[in-house]
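Sequence lines set the chain letters: A, B, ... in the order given, protein chains first and strands last, and positions in each chain run from 1.
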Number of protein chains: 2
Amino acid sequence: MAGFVAHFTNRLDAKGRVSIPASFRAVLARDGFEGLYCITSSHCDAVDAGGNDLLAEINKRSEAFTKLSPDHDALAVALFGASESPKIDGDGRMTISDMIRDHTGITDHVTFVGMNYKFQIWEPEKFREYRAEAQRRALAMLSGQAPAPSQGEPS
Amino acid sequence: MAGFVAHFTNRLDAKGRVSIPASFRAVLARDGFEGLYCITSSHCDAVDAGGNDLLAEINKRSEAFTKLSPDHDALAVALFGASESPKIDGDGRMTISDMIRDHTGITDHVTFVGMNYKFQIWEPEKFREYRAEAQRRALAMLSGQAPAPSQGEPS
DNA sequence: TGTTTTCCCATGGTATCCCATAAGAACCCA
DNA sequence: TGGGTTCTTATGGGATACCATGGGAAAACA
C-alpha cells in the first residue's frame, strides 16, 4: 500500500472531535504508530500531519544546525513550538486544538488531504479554493506541452 | 513518543508556583528523571529547561574546551552560575525563582515552549514577539540553504 | 515567633474511555 | 444475480480520569 491518498471531509462533534479517515489510520499503523504529529504549515492555512516519517523529516531539518546556537533555537521554536502531538482515541478520532482552529479557521467540518508521506488538515472551503488555485498553476506549468490530464472527483 | 513539543501558557499562583505541562513531565519521566535543570539563555529572554538530555548537550558543548584551561573554567562558571535545579512538587509544579523572574520578566503567566530535546520558559508576551521573529528566520534558513539531499520538496 | 517553603487535599473544567447507533460497504450463498 | 447478512466506519453521548489551580496545614527556616 502507498502513503496517504485521496481526501475526505468529516464532521466535528460537540466535543471538538473528528474521525481520522480509516485509510489514513491504516497507513499510520503500518508505519509503526507512536503518535500523530501535527505542525502548522508556514505557507498556507493548513496543518501538516503524519507519523514517524514526518517527524523524521522535521528532525533532519533541525539537525543541520548546532544545538544551543541562536539559529537552532529559532528553528526549534518554529518547528516544535508550533506543533503538537494529539492523542487518537479508541475510535480513531482526534481533537482539534485551539492552535489548529486558529491556524486553519476550522469550525464544524474538517477536510483531510492525503499527500503521500503526510496529510493535511484544512477547513473545507479554504481547501476548495486552494485546490482550484493549485490546479490553475498546474495547468499553466503544463501548458506548453501535453494536454492536462483529466481526473475524477473523489468525495 | 518524541521530545518536548507544542507550547502551553499556565498561570502563576500566589505562592509563585506554576504547573509544568503534563506532557512535558511525561517526557522528563520517560528519559529517566533525576531533576529539572534550568539555565538562562544567553541570547534571548528565556530560560532553557530540561532533564538529562539538556545536561548532556551542555556537557558536550563544554568538552570542546580542554579542562583546566581558562576558557573551560570561564565557560563552566558562566554555565553553572546561571543555572539552577528547581524542585518539582507532588502535583507537578515548580516555583519560579527570582533569577528566572529577572531574566524573563515573568509576572503572572508562564509560557512553556517545547523544543524537542529541551523546553523554554517565557513571559507570554515576549514569547509571542520572539515566535514571530523565529518563524521568519526559520523560513529563511530552510529555504535559503539546507538543500535536503533526500527526497524533493519540503512541505 | 514570624515567615517562607513543602506537603496534602479539594475542585472545576476538560479530555479520555467506553458503549450505542445508523448508514453504508463488503460479503456470502442460494 | 439478487437479497439478505455481517463488518466497517463515522458519529453521538454518558461516565470516568486527568490536569491545572487554589488553599490549608505541617514543616523548615531565620
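The base of dG22(D) does not come close enough to the side chain of Arg11(B) for any donor and acceptor atom to sit less than 3.5 Å apart. For dT16(C), its base sits under 3.5 Å from the side chain of Lys15(A) at one donor and acceptor pair at least. Evaluation of atom-type donor-acceptor distances gives no pair under 3.5 Å for the side chain of Asn10(B) against the base of dC19(D).
Ranking dA10(D), dT6(C), dG12(D) by closeness to the Lys87(B) side chain, first place goes to dT6(C). Here dA20(D) is the nucleotide among dC8(C), dT9(D), dA20(D) with the atom lying nearest to any side-chain atom of Arg25(B). When distances are taken from the side chain of Arg93(A) to each of dC19(C), dC19(D), dG22(D), the shortest belongs to dC19(C).
Rounded to whole angstrom, the span from the CZ atom of Phe24(A) across to the P atom of dA10(D) amounts to 11 Å. Between Leu12(A) atom CG and dA15(C) atom P there is a gap of 12 Å when expressed in whole angstrom units. A straight line from CD1 of Ile96(A) to C1' of dT11(D) spans 15 Å, rounded to a whole angstrom. Atom CZ of Phe112(B) and atom C1' of dA20(D) are 11 Å apart (whole Å). Atoms NE2 (His109(B)) and C1' (dT21(D)) sit 12 Å apart, rounded to a whole Å. As a whole-Å value, the separation of Asp108(A) CG from dA10(D) P is 18 Å. Following rounding to the nearest Å, Ile20(A) (CD1) and dT8(D) (C1') show an atom-to-atom distance of 17 Å. Taking atom CG of Asp13(B) as the reference point, atom P of dC8(C) lies 17 Å away to the nearest angstrom.
Among the atoms of the strands shown, none is found under 4.0 Å from any heavy atom of Asp89(B).
A salt bridge links Arg137(B) with Asp71(A): the closest approach of a Lys/Arg side-chain nitrogen to an acidic carboxylate oxygen falls below 4.0 angstrom. The existence of a salt bridge linking Asp91(B) and Arg93(B) is confirmed by a sub-4.0 Å separation between a basic side-chain nitrogen and an acidic carboxylate oxygen. Ionic pairing of Lys60(B) and Glu63(B) is not present here: no N-O contact between side-chain nitrogen and carboxylate oxygen is shorter than 4.0 angstrom. Salt bridge status for Lys126(A) with Glu123(A): absent, with no side-chain N to carboxylate O gap under 4.0 Å.
Ring geometry, Phe24(B) versus Phe119(B): the interplanar angle falls from 30° to 60°, so the pair is classed tilted.
Between Thr95(A) and Asp91(A), the residue whose closest nucleotide on DNA chain C is further toward the 5' end is Thr95(A).
For the pair Arg17(B) and dG23(D), the criterion of a side-chain N or O lying under 4.0 Å from OP1 or OP2 is not met.
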